[in-house]
Q: 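I have a structure here, written as structure tokens, and I will follow up with some questions on it.
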Protein chains: 2
Amino acid sequence: MNTSAGYPVGQVAAFAGVTVRTLHHYDEIGLLSPSARSHAGHRRYSDADLDRLQQILFYRELGFPLEQVAALLDDPDADPREHLRRQHELLTARIGKLTEMADAVQRAMEARTMGINLTPEEKFEVFGDYDPDRHAEETRERWGNTDAYEQSQRRAASYTKEDWLRIKAEQEDWGARLVALRESGAPADGEAAMDLAEEHRRFIVDHYYDCTYEIHTGLAEMYLADPRFNAFYESIAPGTARYVHDAIVANARRAGA
Amino acid sequence: MNTSAGYPVGQVAAFAGVTVRTLHHYDEIGLLSPSARSHAGHRRYSDADLDRLQQILFYRELGFPLEQVAALLDDPDADPREHLRRQHELLTARIGKLTEMADAVQRAMEARTMGINLTPEEKFEVFGDYDPDRHAEETRERWGNTDAYEQSQRRAASYTKEDWLRIKAEQEDWGARLVALRESGAPADGEAAMDLAEEHRRFIVDHYYDCTYEIHTGLAEMYLADPRFNAFYESIAPGTARYVHDAIVANARRAGA
DNA sequence: CTCCGGCCTCACGCCACGTGAGGTGCAAGT
DNA sequence: ACTTGCACCTCACGTGGCGTGAGGCCGGAG
């Protein structure tokens, strides 16, 4: 009765979202050899083969070279739960990294809006793929005392454009109104301050990216925590960073409720 | 004074966390040609070059082929905010995909703990890289009526191992105690039910992965929403899925407060 | 009986680099 | 003055993970 045992290669490819060639390749290198062949020499994949393929594609997606994938899957003292556990860890780690990158992009965007120049190291903070301590120390040690390094350390990055200046003007106008409001004695969680915070958010949305209230409060935290941004606001007038922070938080709360 | 203009290739490589060869390659293919050369023919990268490199690595990290990266970066009517906006979108999209994968792994782990067999399509739900509708329909249309497909549709996946059976026994013991508790009339948010929920969580932690309270409540939701898991619990006794859900939620609340 | 769709096996091509091999320029130590 | 050493240079071939035909086999439908 059960004349057909196992799935043919095309079907497996369709299931897994890969090409037939890929399956051939995995067979060639011995990573996934179908457990049987039909009379005509056609590959027949069993359910167990499909499971293995699923694992393979998973590790591949996370950037493992196929050779290592084979080593992982053929490890005799690694049972299914070992793999699931590891996969879960890898995924959360990966998500964490991407979230960090997203945060770094946020900071980069903010740096641009405010005209803060980043040092070369800061520019690549996004990619935390090297050991941070060792790298930072070593780099400073190796390059920290050369002329090129010292002299270009805080050089202007020359983002000079046309509408860039227009945006900056807008930004400064907002800053001026902020200072005026604060000097008038208006509270940070008052109507006017919240409106100004909302205007700030809209400003970002219009010119840069889709800044949600959640992201906006994240930025507010950064204005307090990150020395660069903190210094920027404090340079306007002492206490401004805190004031802006509170206004943004209040505004987000208003929008959320 | 300023005799040294620009960073040498080794320094740039160290900053960016790439090899010198990579920078040479980008120069060869015209993706990133340093804006100057020293007297001795050495590459000198300007700050603007570093910015471009940062962008390149960003898009590369997200899987773009270098040719497309060049196209994106050289696009004349794409200003900085365009890129930042796009990068932000790409990142959040990617994070979303990974989160989905993590969820799918959760389900796979749960399926294993309960001995539910997945159909071939279900096994690859993790990788949402094909158009779901078109794919699902088309696959069924093309393969749905072949013998191989029908007959192996719900075949046992033969996970038969030794300690796998032991775990299953543990699991069944837990199930029995759950049913007994519920029949005794104990409330789902009572002490005993919560203890049983906690035991369930510990069980997962010990045998599978680090299941936090947050994840655990996520699983509880799934027990209600996903037909497969729902059916599993309901097959024990009607209302069990809900009972388990409530117990887990109550337990998480207890732990959280 | 032919046609067609899916399968097969070579075998070469491609991208994004890795990895030497062999040579240059400069600065520091002997 | 001379070697040592380091960072840089330019070929140029190798590698991983497939893509992309070329040419042929096989079983069912028209």
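Everything quoted here is computed from the prediction, not taken from an experiment. Chain naming here is simple, since letters A, B, ... match the order of the sequence lines and numbering starts at 1 in each.
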Q: Considering only side-chain heavy atoms of A:A40, which listed nucleotide, D:dC8, D:dC26, C:dA16, is closest?
A: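 From the listed options, D:dC26 comes nearest.
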
Q: Identify the heavy atoms of A:G10 and A:V20 that sit nearest to each other, and give their distance.
A: CA-CG2, 4.2 Å

Q: A:H39 has an atom NE2; how far is it from atom P of D:dC26, in whole Å?
A: 8 Å

Q: Taking all non-hydrogen atoms of both residues, which atom of B:D27 and which atom of B:S33 are closest, and how far apart?
A: OD1-OG, 3.2 Å

Q: Check every atom of D:dC9, C:dA16, D:dG17 against the side chain of B:H42 and return the nucleotide holding the closest atom.
A: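 Looking only at side-chain atoms, B:H42 lies closest to D:dC9.
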
Q: Counting heavy atoms from C-beta on, name the nucleotide in D:dG19, C:dG18, C:dC8 closest to the side chain of A:V9.
A: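 That would be C:dC8.
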
Q: Of the listed nucleotides (D:dC8, C:dG6, C:dA16), which one gets closest to any side-chain atom of B:H25?
A: C:dA16

Q: CG/B:L53 to CZ/B:F58 distance, rounded to the nearest 0.5 angstrom?
A: 13.5 Å

Q: Taking only side-chain nitrogens and oxygens of A:T22, does any of them come within less than 4.0 Å of OP1 or OP2 of D:dG19?
A: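 Looking at the OP1 and OP2 atoms of D:dG19, one of them is under 4.0 Å from a side-chain N or O of A:T22.
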
Q: The side chain of A:R21 is closest to which nucleotide in this list: C:dG25, D:dC18, D:dC9?
A: D:dC18

Q: Given the ring of B:Y213, does B:R201 sit roughly above its face, with NZ or CZ under 6.0 Å from the centre of the six-membered ring and within 45° of the axis?
A: yes

Q: Salt-bridge test for A:R94 and B:E61: reply yes if a basic N is under 4.0 Å from a carboxylate O, no otherwise.
A: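 Looking at B:E61 together with A:R94, the answer is yes, because their closest N to O distance falls below 4.0 Å.
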
Q: Using the side-chain heavy atoms of B:R60, tell me which of these nucleotides is nearest: C:dC17, D:dC9, C:dG18.
A: C:dC17

Q: Tell me whether the OP1 or OP2 atom of C:dT9 has a side-chain N or O from A:R37 closer than 4.0 Å.
A: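 Indeed, a polar side-chain atom of A:R37 lies that close.
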
Q: With a 4.0 Å cut-off on heavy atoms, is B:I29 in touch with a base, just the backbone sugar-phosphate, or nothing at all?
A: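 Nothing, no heavy atom under 4.0 Å.
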
Q: Does a side-chain N or O from A:Y26 land closer than 4.0 Å to OP1 or OP2 of D:dC18, or not?
A: yes

Q: Which is true for B:T19 with a 4.0 Å heavy-atom rule: it touches a base, it touches only sugar-phosphate, or it touches nothing?
A: sugar-phosphate

Q: Would you indicate which nucleotide in C:dG18, D:dG17, C:dC8 comes nearest to any side-chain atom of A:R43?
A: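 So the nucleotide nearest the side chain must be C:dC8.
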
Q: Below the 4.0 Å mark, does D:dC18 have OP1 or OP2 next to a side-chain nitrogen or oxygen of A:H24?
A: no

Q: Calculate the interatomic distance between A:F64 atom CZ and D:dG17 atom P; express it in whole Å.
A: 13 Å

